[in-house]
There are 2 protein chains.
Amino acid sequence: MADEDDAGGEGSVTGLPASLEMAWGLRERPGKGPRPTLTLPRIVETAVTLAAGEGMDAVSMGRVAKELGVSTMSLYRYVTAKEELYILMSDAGVGAPPALPPEAEGWGWRELVTQWAYAQRAVLMANSWILRIPITGAPVSPNQLAWMERGLAALAGTGLTEGEKISTIILIGGLVRNEATMAADMMDAIVKSGVSPDQVMGQYVRTLRLMTGPDTHPAVTRLLESDAFTGSDEPDFQFGFGLGRILDGLAALVEGRQAVQDGAEA
Amino acid sequence: MADEDDAGGEGSVTGLPASLEMAWGLRERPGKGPRPTLTLPRIVETAVTLAAGEGMDAVSMGRVAKELGVSTMSLYRYVTAKEELYILMSDAGVGAPPALPPEAEGWGWRELVTQWAYAQRAVLMANSWILRIPITGAPVSPNQLAWMERGLAALAGTGLTEGEKISTIILIGGLVRNEATMAADMMDAIVKSGVSPDQVMGQYVRTLRLMTGPDTHPAVTRLLESDAFTGSDEPDFQFGFGLGRILDGLAALVEGRQAVQDGAEA
DNA sequence: CTAGTTCTGTGTATTACTTACACAGAAGAG
DNA sequence: CTCTTCTGTGTAAGTAATACACAGAACTAG
């Protein structure tokens, strides 16, 4: 009586949309009808190029189709909805995680996780259009899962439970995305207004000063009086600080358990 | 030569849109023209009710206007763009931070920050439509700033620099939002598919199993073989774990400096 | 009191976007 | 050779944001 949550269409075993099964390399092209003019990768690549060049706002089904020289509706032979295209674009945009450097052989979990976080951040900041695609659900695409694999692998030596590991990955992944999004928002504001980063921050501080005061907002006032908003390396500081705290907290947990275990063994 | 980033319209000193200056209580109603039929609070309240009842997708300018019994365009007399309405809705949705309980008098920073984070989370989960409004820029509305004030105040006793404090607030605020969003996404999936939370998780695990394996995804495989995805208190665990790690990391920093200072004084 | 100013609500129209649907024709299967 | 299946496409429906100009309301200066 359950109404058949058949999101995967006909030949689906995974429950995923056909386009995603395609991305995973499952599902052959049926030899029947006319040769397709397009391929899913070509559509995605076109959409990605458009997003990189003109921003996510430029990515509409009609525009992508025009770029490919086909009609809008033809895209719906490859993708059942625009959101599906978004997922494929995200996956292509993040790409596969880069190979670890040779010296990573001797790294501990902290170095591995740090590298993972910075690598992810670099990708998102180099392709900031990805950040304009809202996250809809749990990761199911190949590259997203490859990054997840890498993150979990980095935590292998920690002795954390699996639940703690995935929580950590989500925690740090969220940090990376949040901070990259803030940086991208700021970049947008700079481009849109045509002024320097310092001027954007200055305007914000000036605005806040007008609305806050020592009586109503003592802590904010202290913040505004400090030099916290001067210096354009602020996004980097914020990210490094956040990651540092998380890793410190993780280290405390890991080392604490290590000590307990060592004590029990002795 | 700077092209007058005059986002605030005529009488603006703050640089904010008129509707936001209204929300701050600046700017009087000009006594000239006909009496307005609407008020900004009434518009926002209507939009919020709509969002709470039917979700953010139901909130369009046309629909809000219909709900109020006016024409679509009349709303543009109060708000210059839909995004402005969104900001006001968010502000109304989060509301003012609740009063601290009396026993908070004796609390340390950790309790204060914990309370702050959980309170914010509760508000977001009770009004999850807020999570569907993308964040566009730095907070400028009254309640958003009140929450920020509270967060910064909670860190007053830590000895952190102002830059570290705001980084911490952003870090934890991001965690709260991320985790609440994931919980809301899951809730949506449950409602949409009509099955139980466990079944949704089960379907996800089953899907991943089909696409991963010990050779390509050893760490993910270990995760899937564990019981990390069973048990529906998982969102709560994840949030608590993340917050715990961050606070532990913060404590290490704070106490480390305390120790250094004590040493210097001795 | 009157004229002028300013502001309100509204109708109309433009532009853009997603997607349902049905049809013509291509390519392989039997 | 016929049938099935699949492709690209045109058309059209439905929704949405918002620019623009107009009619009329309420206040203000004289």
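Order of the sequence lines fixes the chain letters, A, B, ..., with proteins taken first and strands second; residue numbering starts at 1 for each chain. For the numbers below, each heavy atom of this structure counts, side chains included, while hydrogens, waters and symmetry mates do not.
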Can you check each nucleotide of nucleotides 22-30 of chain C against protein heavy atoms at under 4.0 Å and return B for base, S for sugar-phosphate only, - for none, in 5' to 3' order? B--BBBSS-
Counting primed atoms, P, OP1 and OP2 as sugar-phosphate and everything else as base, the B/S/- map of nucleotides 11-21 of chain C against protein heavy atoms under 4.0 Å is BB----SSBBB
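Under the rule for a salt bridge (Lys or Arg N to Asp or Glu O under 4.0 Å), the partners of A:Arg63 that lie at least two apart in sequence or sit in another chain are A:Glu54, A:Glu67. Evaluation of the side-chain contact (heavy atoms from CB on, under 4.5 Å) rule for A:Val48 yields A:Val44, A:Met89, A:Ala92, A:Trp129 as partners, not counting sequence neighbours. Among residues two or more places apart in sequence or in another chain, the side-chain contact (heavy atoms from CB on, under 4.5 Å) test is passed with A:Asp185 by A:Arg132, A:Thr181. Legend: residues meeting side-chain contact (heavy atoms from CB on, under 4.5 Å) with A:Thr136, ordered by chain and number and at least two apart, are A:Glu83, A:Ile87.
Taking atom NZ on A:Lys66 and atom P on D:dG8, their separation rounds to 19 Å, with Å as the unit. Across the protein-nucleic acid pair, B:Glu28 atom CD and C:dT6 atom C1' stand 17 Å apart, rounded to whole Å.
Between B:Glu179 and B:Pro235 there is no side-chain heavy-atom pair separated by less than 4.5 Å. Counting heavy atoms from C-beta on, the side chains of B:Leu16 and A:Thr207 come closer than 4.5 Å.
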What verdict does the side chain to side chain contact (heavy atoms under 4.5 Å, CB included) test give for A:Leu38 and A:Leu75, after you've listed the backbone C-alpha separation in whole Å, the side-chain angles of each residue and the deciding distance to 0.1 Å? CA-CA 9 Å; A:Leu38 303 170; A:Leu75 299 185; 4.1 Å; yes
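A:Gln203 and A:Gln199 share no donor-acceptor pair across their side chains, judged by distance under 3.5 Å alone.
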